[in-house]
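This report refers to the structure that appears directly beneath it.
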Protein chains: 2
Amino acid sequence: MSRAEQKERTRRAIINAAFSQLSADKSFASLSLREVAREAGIAPTSFYRHFADMDELGLTLVDEAGLMLRQLMRQARQRIEKNGSVIRTSIETFMEFVTGHSNVFRLLLRERSGTSAAFRSAVAREIQHFVAELAEYLRKETTCPDELARAQAEAMVTLVFHTGADALDAPSDQYAYLTSRTITQLRWLAHGAASYGRKHKD
Amino acid sequence: MSRAEQKERTRRAIINAAFSQLSADKSFASLSLREVAREAGIAPTSFYRHFADMDELGLTLVDEAGLMLRQLMRQARQRIEKNGSVIRTSIETFMEFVTGHSNVFRLLLRERSGTSAAFRSAVAREIQHFVAELAEYLRKETTCPDELARAQAEAMVTLVFHTGADALDAPSDQYAYLTSRTITQLRWLAHGAASYGRKHKD
DNA sequence: AAAATGAGCGAACAGTTGTAAGCTAAAGCG
DNA sequence: CGCTTTAGCTTACAACTGTTCGCTCATTTT
């Protein structure tokens, strides 16, 4: 096996070890370099061959989490084309992500308000992708001025994200309720923004 | 000085020390018993005379934070009676709290999705007070059915809370924008809920 | 074939942490 | 006044942490 290839392999082992140690009661901040190294099957000091410190690993994790989110978005778009129902499809896709990769979602959720400014802005950047894409959609679909489309998109993403957080602590038989509640909230927003916009125009 | 009195005094010293060590880059989880004891001016082992462990202290902090929130709500009600504008007054009062007691707000914000289930549900309980009160107001003021009033209140609280989180990382000259953006979002919600409710009735 | 590179390792260090055991001295109480 | 209670202290220990140093040895380069 080539050297670069092997290096990439243990790099992945480190990343996977870190992800797998995240859980409901273990945040990234509470991971230790030694624990991660142990699970990755390397000596603690070998960690430094791949990352300068835990922060650098953390930023990598956030990046990967963002990647998954964007893949999710693409998947949602495909489903919408076939399915039609924009709001419901989007939320259901998102909820599948939350339940299927809860550790990844938890990482974003926690680091969004965590103790590292770098982490916070990295997460914020990933979420902004969501917002920007949704805002563009709203701008096309409705007759909303740019500024308001963005505010509407931000509110929607906030509500959906928050519902994901709720789902993490709720028994799974609550998911259907959480989903339908959020759908209602988003419809209110869309409805209100449309009629409020009209009112402003007239 | 009486014994009980003195005990209460150092208990407060511990609580205050903990609060004062919280900051943008230091969460409760990253506080150590020894650090807190040091700042409180007692020996590390004396800590145990007041709390069984750090978790017990943490729950106390969350309780106190919740108390401040409820005081805030009362204050907001008073202002509304004089001022009239419900939405704007509520948000502005809340934003004053966020900026004036940012450590306290950060505690709630972080522990809401933290690693301790006990903390999470303690924070959730405090937020539910907000939601319940707002839902009751909406039920009286509008002709909304109970279930929908609650969903509307939850959405509103979510948006306001999230705006507070945004404010923590935004330069202070952005506060006015954040506030007015949120006001718009809440109006959309109210408007949408009202007309959507009507539509459902007909 | 010889030299250079670099991933991984073990040992060691200095620092921190939570917590147990036992003492002191002041307050409360009969 | 004597006895009990208890907040706070000092000392101590075992467990961990991140990180430095110097080594090995397989791969790559010259």
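Protein chains get the first letters and strands the later ones, always in sequence-line order, with residue 1 at the start of each.
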task = Taking only Lys NZ, Arg NE, NH1 and NH2, and the carboxylate oxygens of Asp or Glu, determine whether Arg150(B) and Glu136(B) approach each other closer than 4.0 Å.
result = no
query = Closer to the 5' end of DNA chain C via nearest nucleotide, is it Ala4(B) or Arg38(B)?
reply = Arg38(B)
ask   = Does Arg70(B) pair with Glu126(B) as a salt bridge, N-O distance under 4.0 Å?
value = yes
request  = Report the distance from atom CD of Glu56(A) to atom P of dT19(D), rounded to the nearest whole Å.
outcome  = 12 Å
message = Taking the minimum atom-to-atom distance to the side chain of Arg49(A), which one of dT19(D), dT19(C), dC9(C) wins?
response = dC9(C)
key: Nucleotide nearest Ile42(A) (side chain, heavy atoms from C-beta), chosen from dC9(C), dA7(C), dG18(D)   = dC9(C)
key: Distance in angstrom units between Glu35(A) CD and dG18(D) C1', rounded   = 13 Å
ask   = Where the side chain of Ala43(A) is concerned, which of dA7(D), dG18(C), dG10(C) is the nearest nucleotide?
value = dG10(C)
key: For atom CG of Asp53(A) and atom P of dG18(D), their distance in whole Å   = 11 Å
message = Apply ring pair (Phe, Tyr, Trp, His ring centres under 6.0 Å) to residues Phe161(B) and Phe130(B) and explain how you reach the verdict.
response = CA-CA 11 Å; Phe161(B) 218 76; Phe130(B) 254 180; 7.7 Å; no
request  = Look at the side chain of Thr45(A) against the base of dG8(C) and say whether a donor-acceptor pair falls under 3.5 Å; ignore hydrogens and angles.
outcome  = no
key: Pair Phe19(A) and Phe28(A), ring centroids less than 6.0 Å apart   = no
Rounded interatomic separation in angstrom, taking CZ from Arg9(A) and P from dA26(D) = 18 Å
ask   = Rounded to whole angstrom units, what separation is found between the CE atom of Met54(B) and the P atom of dT19(C)?
value = 10 Å
message = Rounded to whole Å, how long is the line connecting atom NE2 of His50(A) with atom C1' of dA7(C)?
response = 7 Å
query = How many Å lie between CD1 on Ile14(A) and P on dA7(C), as a whole number?
reply = 11 Å
ask   = Quick one: the side chain of Arg3(B) and the base of dT5(D), do they pair up donor-acceptor inside 3.5 Å?
value = yes
message = What I want to check is whether an N or O donor and acceptor connect the side chain of Arg34(A) with the base of dG18(D) at under 3.5 Å.
response = yes
message = Below the 4.0 Å mark, does dA7(D) have OP1 or OP2 next to a side-chain nitrogen or oxygen of Ser46(B)?
response = no
query = Distance check: side-chain N/O of Thr10(B) vs OP1/OP2 of dG8(D), anything under 4.0 Å?
reply = yes
query = Can you tell me how far C1' of dG8(C) sits from NZ of Lys7(A), to the nearest Å?
reply = 11 Å
ask   = For the side chain of Gln6(A), counting heavy atoms from C-beta on, which of dG28(C), dC9(D), dG8(C) is nearest?
value = dG8(C)
query = When rounded to the nearest 0.5 angstrom, what is the spacing between CG in Leu59(B) and CD in Glu64(B)?
reply = 12.0 Å
